Amino acid sequence: MPVRTVSRKIDTVLTNEILAKLKCVPARYNSANTPEKCMEGTRVDVIKDVVTRLSAPPNSAKQVVMLSGCAGSGKSTVAKSVAAILAEEKGTLAASFFFSRDYTQRKEITHLPTTLAMQLADYDAAFRARLINLLESDHTGLLDAEPHLQFQKMVVGILEKLPRSSKPWIICLDALDECGKDRGQIFLRWLSDSITRIPDHVRFFLTGRPDVPSYLKLDTLVSLTHGVVLDEIDIKLVSKDIHHYIKQSLNGANWTTRHQWKIQDRHVEELTNRARGLFVFAATAVRRVERWPATIPTLAGHTNQVHSVAFSPDGKHIVSGAYDSTVRIWDAETGAALGGPLEGHTGGVTSVGFSPDGKHIVSGSCDHTVRIWDTETQAALGRPLEGHTDMVYSVAFSPDGKHIVSGAYDSTVRIWDAESGATFQRPLEGHTNGVTSVGFSPNGNYIVSGSYDQTVRIWDAKTGAVLGRPLEGHTDRVLSVAFSPDSTHIVSGSGDHTVRVWDAKTQTAHGGPLEGHVHSVYSVAFSPDGKHIVSGSNDRTVQIRVWDADGGASLEKPLKGHTRGVYSVAFSPNGKHIVSGSYDSTVRIWDAESGVALSEPFEGHTDEVTSVAFSPDGKHVVSGSFDQTVRIWDTETGAALGGQLEGHTDVVNSVAFSPDGKYIVSGSDDHTVRLWNVNTGAPVGEPLEGHTGAVYCIAFSQDGRHIVSGSHDHTLRIWDAKTGAALGGPLAGHTEAVNSVAFSPDDKHIVSGSNDHTVRVWDAETRAPSSVPLEGHTSGVRSVAFSPDGKHIMSGSCDRTIHVWDVLSVLNQSSVLPHARAPNGHNLLNVGPLSSPHSVFA
Ligand SMILES: Nc1ncnc2c1ncn2[C@@H]1O[C@H](COP(=O)(O)OP(=O)(O)OP(=O)(O)O)[C@@H](O)[C@H]1O
């Protein structure tokens, strides 16, 4: 390599190291947990106005634009949209800081100057050179100086020396009222004192509640500030935006492809009026509606218990059968009854269903018979089908419409020819009590049945043979069963008042019982698009629930139950369980296969839980918290063992057991890594020092000899676990904080996940990257782990997905493209967002 290239590389490494010393906070407009942008088509004028003012040529514009408005008026959402346009379309966003009282580092002014300086250095090479120069020649301890001095020297001092630019440089600071207890007053004073030194191509876009602009009164800054007040915009215009927002959210393409019903115009009007110009009202209402379960109109008309309901194949109609001996047809959207009751049965109607083409309805009754009806004329077709010797509890068409299956109190299942009404084949026998409910799988291969014996059974539709074991879980009679449209799930309703969903393949419960009815659930069905479950109950109501097949117990939208963000997950050593730690201050244990929570949340921490890990024998779990302590729990009972381990002087971000289970290592915001003796709870040796930012994550190597740590300073470090000495320099490459690290099972590689949205793999010995950065996540990567066989890497992100990467492909890819980014390369490596965990970790 030519000498000049080498020296340039060394220079780059050195300057990177100097800048890495700056304490920066991930608070850019596009950092994790910043607000969403305005919905397209809303706030168009105000966004345009602000962008135009900020983009005007120097001299002609005021140097500060201040957007204010009351709580929830939508300031941060507008700020995000403005910042995105400036950054992504105009290239004029020099720096941004979105304050938030919900995040420790983003609610103080402390790291604002260094964060701004770092971002300005990223934005402009001349600024960067001057900043490096300043830091190199500084002997006054500027890195640890108080923030006001840092602002003066690292931001204002450099800006004033730079040549004037014809292109605006915009600094966006959102939610000043959430900046410290003084609600942004300190910052405004700094700005006021120095604005005359800052060249006029540098503009500030500030937002805050109405008190923030009031702090400017009588200040020199006032004359340089243009104010935009959201609360002064004509309420008719704002209401138009809110109307658009509600309608799009609950009636737009995105909604209607996912949901069976949509909001009606008069309800949009009503919600808009009630919002009275406050976006937060509308946003909260929309979120409520989106949240499961949504119960839409109650269909009232039957004069006795409703025992069965089903959607028509096109989703437009619902049919119901009741103990008043009638069948009724309803409009699924409005809930209005279509025509009168269908009369003919001489006993209560227990079960109803549509034929696949929607033209016919089948019903089963306490009068021992099955009947077929014409949907349009609502007339009975032919004579009743006779054969069962007791009450018929359930009926359904086969997917090709040629057969009808029925289950009866005589404990048998029967199959009928839909056209001739003849019954053929022997009855299917196996249940030990009355068969209440039956259905074909949509692919026609299986029949499912529910019984008074509290179980659900699956049968081969061709041979009539029973498949696998009975599905157990209901604590009372199973009254109704049905397959999902894709044949993967079965839904059942029971006398225990609940609805349950089962995985048809694994024959296990999919999540916990769905509650809501106040009496026995006699009927359940999936809507044709699989997004809704309709259920009918002894409580005389029909309920339509929005069911998210990916939610609940599914691992694709992982393990729902925590009430705040989950920031740490880990597999148990045998791969059967998952532990999660949440900002809701609790720790939870889940079944890795079904996604079911295995116990009540573990409670004890007094603040957000940042990190969790299993002990090597799986019997204990360790957790670290914002409350600066480490805690150890009994996995089975959830009991906290001993007291809390105290010593860190700031938030504990990460914890891990040593492979022999004797030690725990922890990383903290106090920049140090600490070792603890599990038995005594006492710290071992001195804290390990070296990182220049908070330590976010740590892991032991499998042989227990090394520890790897990842930090807010964007780097990883490797330590000798015995001596505490750092092994070589930091592993640099990530461009944002490192949130998660892990050794591969053979200790040869380290995987890291970062706020820069990427996953990186490193050679543990040479400390060089072993792969291109793995791209695919659309938000910060929070958690990474190798599968126990080392063949896969799992990464979890703020984008709410878990990706699984094939390690062999990752490493091979790197030998083809040593240091380049593979365009779309991740498609080759990425097994994809996790839909079936079993395929990977089985
Ligand atoms: N134009 C918009 N499009 C879509 N959603 C919006 C819009 N404006 C606001 N919202 C939603 O309304 C809620 C409140 O908005 P936002 O947080 O921006 O208000 P704010 O004025 O900054 O409130 P606060 O002063 O309490 O921080 C958020 O949930 C946001 O997503």
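Treat the numbers as computed from the prediction; the structure is a model and nothing was measured. Order of appearance sets the numbers: ligands from 1, and atoms from 1 within every ligand. Note: hydrogens, waters and symmetry copies are ignored here, and every other heavy atom, side chains too, is used.
Taking a cutoff of 4.0 Å between a charged side-chain nitrogen and a carboxylate oxygen, D49 and R53 qualify as a salt bridge.
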So D122 and R28, salt bridge (charged side-chain N to carboxylate O under 4.0 Å, His left out) or not? Walk me through it.
CA-CA 12 Å; D122 280 349; R28 271 184 215 257; 2.9 Å; yes
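When the ring pair (Phe, Tyr, Trp, His ring centres under 6.0 Å) test is applied to H201, the partners found at least two apart in sequence or on another chain are W169.
With a 6.0 Å radius and a threshold of 12 heavy atoms from other residues, nucleotides or ligands, D234 has its CG atom above the threshold. With a 6.0 Å radius and a threshold of 12 heavy atoms from other residues, nucleotides or ligands, K37 has its NZ atom at or below the threshold.
Side-chain contact check for F99 versus L176: some heavy-atom pair is nearer than 4.5 Å.
Protein neighbours of ligand 1 below 4.0 Å, counting non-hydrogen atoms: C38, M39, T42, R43, C70, A71, G72, S73, G74, K75, S76, T77, E178, R209, Y245, F279, V280, A283, R287.
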